[in-house]
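This is a predicted model, so every value here is computed, not measured. Quick note: numbers below take in every heavy atom, side chains included, and nothing from hydrogens, waters or symmetry partners.
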Amino acid sequence: MGRGRVQLKRIENKISRQVTFSKRRSGLLKKAHEISVLCDAEVALIVFSTKGKLVEYSSDSCMERILERYERYSYAERQLAANEIEQNGNWTLERAKLKARMEVLERNKRHYMGEDLENLSLRQLQNLEHQLDSALKHIRSKRNQLMLESISELQKKDKALQEQNNILAKKVKEKEKAILQQAQQNNSQDSSSMLLPQPMQSFNIRGRYEGSNGREEEANPGAAQHPNSSVLLPTWMIAHLE
């Protein structure tokens with residue numbers, strides 16, 4: 001049969017308790033040594049018996065060095081725990097402050113919206129009215145400023161557009177003037193090319209004209225005599241006179 005599970009409780013028999021202590025002490029020291037060697041760990045073991053006898057083991061040659069390291073580590077752990085507690089306390093206080101501020105802001109917001117005014121006194125209502133008037137003045141001032149800036153910007157754009165329009169109108173007039181001058185030049189050239197010179201014959205107003213054979217012939221016997229006056233007439237007028 002296998003070994004049964006030992007019930008962990010205080011051994012009432014003194015002798016059995018002493019024997020068990022001696023056996024377990026040896027096994028505990030052996031295990032401490034093994035873990036220090038196998039795992040390269042620093043181990044310090046301190047045991048006091050019921051009679052006050054000290055049993056100790058240290059993987060280092062000096063127990064005090066391990067104990068000093070333990071003290072430093074314990075002190076750091078205590079400081080860290082204290083800082084965490086203090087920090088948690090600060091965060092709790094900060095949270096409480098923020099929560100109270102949020103409640104005040106929410107209440108003021110409701111008051112500005114005209115809600116929950118039943119519990120306010122006359123002085124509080126007057127202060128609220130004054131705050132609203134001040135806020136409205138700031139809002140109107142900002143609105144007027146934005147409107148003036150917008151008007152000024154629109155005026156600048158209008159002025160720039162007018163200047164651009166004037167420049168374009170001037171260019172159009174110059175272009176029309178150039179086109180008109182070109183058209184007049186073309187018309188004058190066409191008129192000069194269409195008018196051809198026609199032969200003229202001398203006509204004597206005294207009643208004779210020079211024919212094609214070079215002799216003077218009587219054009220109209222009853223015509224008035226105008227001495228020493230002769231003009232050049234077109235051929236079609238001469239033919240009509242004939």
Side-chain angles (χ1 to χ4, degrees), residues 5-10 28 31-32 35-36 38-48 56 58-60 63-176:
R5 186 174 181 180
V6 178
Q7 185 179 4
L8 292 178
K9 67 177 183 178
R10 183 174 182 272
L28 182 60
K31 292 294 183 181
I35 194 173
S36 65
L38 294 175
C39 301
D40 193 18
E42 292 185 1
V43 179
L45 178 62
I46 300 175
V47 180
F48 288 95
E56 61 177 345
S58 63
S59 58
D60 197 346
M63 173 67 77
E64 286 77 6
R65 186 179 303 171
I66 299 177
L67 294 177
E68 288 177 0
R69 184 176 180 182
Y70 169 76
E71 288 293 332
R72 288 195 302 270
Y73 182 80
S74 298
Y75 177 77
E77 286 291 325
R78 289 193 298 269
Q79 288 294 112
L80 182 61
N83 291 335
E84 288 180 354
I85 294 172
E86 183 179 0
Q87 188 175 6
N88 291 332
N90 292 335
W91 280 113
T92 303
L93 181 60
E94 189 69 20
R95 180 176 176 274
K97 290 180 179 180
L98 292 175
K99 185 177 179 180
R101 184 171 178 80
M102 285 293 296
E103 291 177 355
V104 172
L105 292 175
E106 289 291 335
R107 185 173 63 252
N108 291 337
K109 180 182 177 181
R110 291 193 298 270
H111 291 167
Y112 293 147
M113 296 296 293
E115 301 174 356
D116 297 341
L117 301 178
E118 293 80 7
N119 298 325
L120 296 180
S121 62
L122 178 61
R123 186 176 185 83
Q124 290 175 342
L125 290 173
Q126 290 176 350
N127 292 332
L128 181 61
E129 183 180 6
H130 178 70
Q131 292 176 1
L132 291 174
D133 290 338
S134 300
L136 287 174
K137 288 181 181 178
H138 288 297
I139 293 172
R140 292 192 183 100
S141 176
K142 187 63 177 179
R143 182 199 61 186
N144 294 334
Q145 181 182 357
L146 292 177
M147 290 179 64
L148 292 175
E149 291 177 356
S150 179
I151 292 172
S152 177
E153 188 68 21
L154 291 174
Q155 289 177 349
K156 290 180 181 179
K157 289 183 179 180
D158 182 65
K159 185 177 179 180
L161 290 174
Q162 287 181 357
E163 292 178 355
Q164 187 177 4
N165 189 22
N166 294 333
I167 293 172
L168 292 175
K170 186 177 180 181
K171 289 182 179 179
V172 170
K173 289 182 179 179
E174 292 177 354
K175 189 69 175 178
E176 290 178 350

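Note that CG of Leu125 and CZ of Arg123 are 12.0 Å apart. Values are rounded to the nearest 0.5 Å. Here the CG-CD distance, from Leu128 to Gln124, works out to 9.5 Å after rounding to the nearest 0.5 Å. Taking OH of Tyr112 as the start and CG of Leu105 as the end, the distance is 9.5 Å to the nearest 0.5 Å. Atom-to-atom distance recorded for Met147:CE and Arg140:CZ is 13.0 Å, nearest 0.5 angstrom. For the atom pair Asn108 CG and Gln131 CD, the distance stands at 7.0 Å (nearest 0.5 Å). For the atom pair Leu98 CG and Arg95 CZ, the distance stands at 9.5 Å (nearest 0.5 Å).
Taking 4.5 Å as the limit, every side-chain heavy atom of Arg101 sits out of range of all side-chain heavy atoms of Val104. No side-chain heavy atom of Ser58 sits less than 4.5 Å from a side-chain heavy atom of Leu67. Between Lys175 and Lys171, every side-chain heavy-atom pair lies at or beyond the 4.5 Å cut-off. At a threshold of 4.5 Å between non-hydrogen side-chain atoms, the residues Lys142 and His138 do not count as touching. For the pair Gln155/Lys159, no side-chain contact is recorded, criterion being any heavy-atom separation below 4.5 Å from C-beta on.
Crowding of Asn144 atom CG: a count of heavy atoms from other residues, nucleotides or ligands under 6.0 Å exceeding 12. A 6.0 Å sphere centred on CD1 of Ile35 holds no more than 12 heavy atoms belonging to other residues, nucleotides or ligands. For Arg69, the CZ atom is loosely surrounded, since the number of other residues' heavy atoms within 6.0 Å does not exceed 12.
Nearest heavy-atom pair across Asp116 and Arg110 is OD2-NE, 2.6 Å. In terms of heavy-atom proximity, Ser59 sits nearest to Ser36 at CB-CB, 3.6 Å.
Ser150 contributes no side-chain N or O that, together with a main-chain N or O of Leu146, makes up a donor-acceptor pair within less than 3.5 Å.
In this model, a donor atom of one side chain and an acceptor atom of the other lie less than 3.5 Å apart for Asp158 and Gln162.
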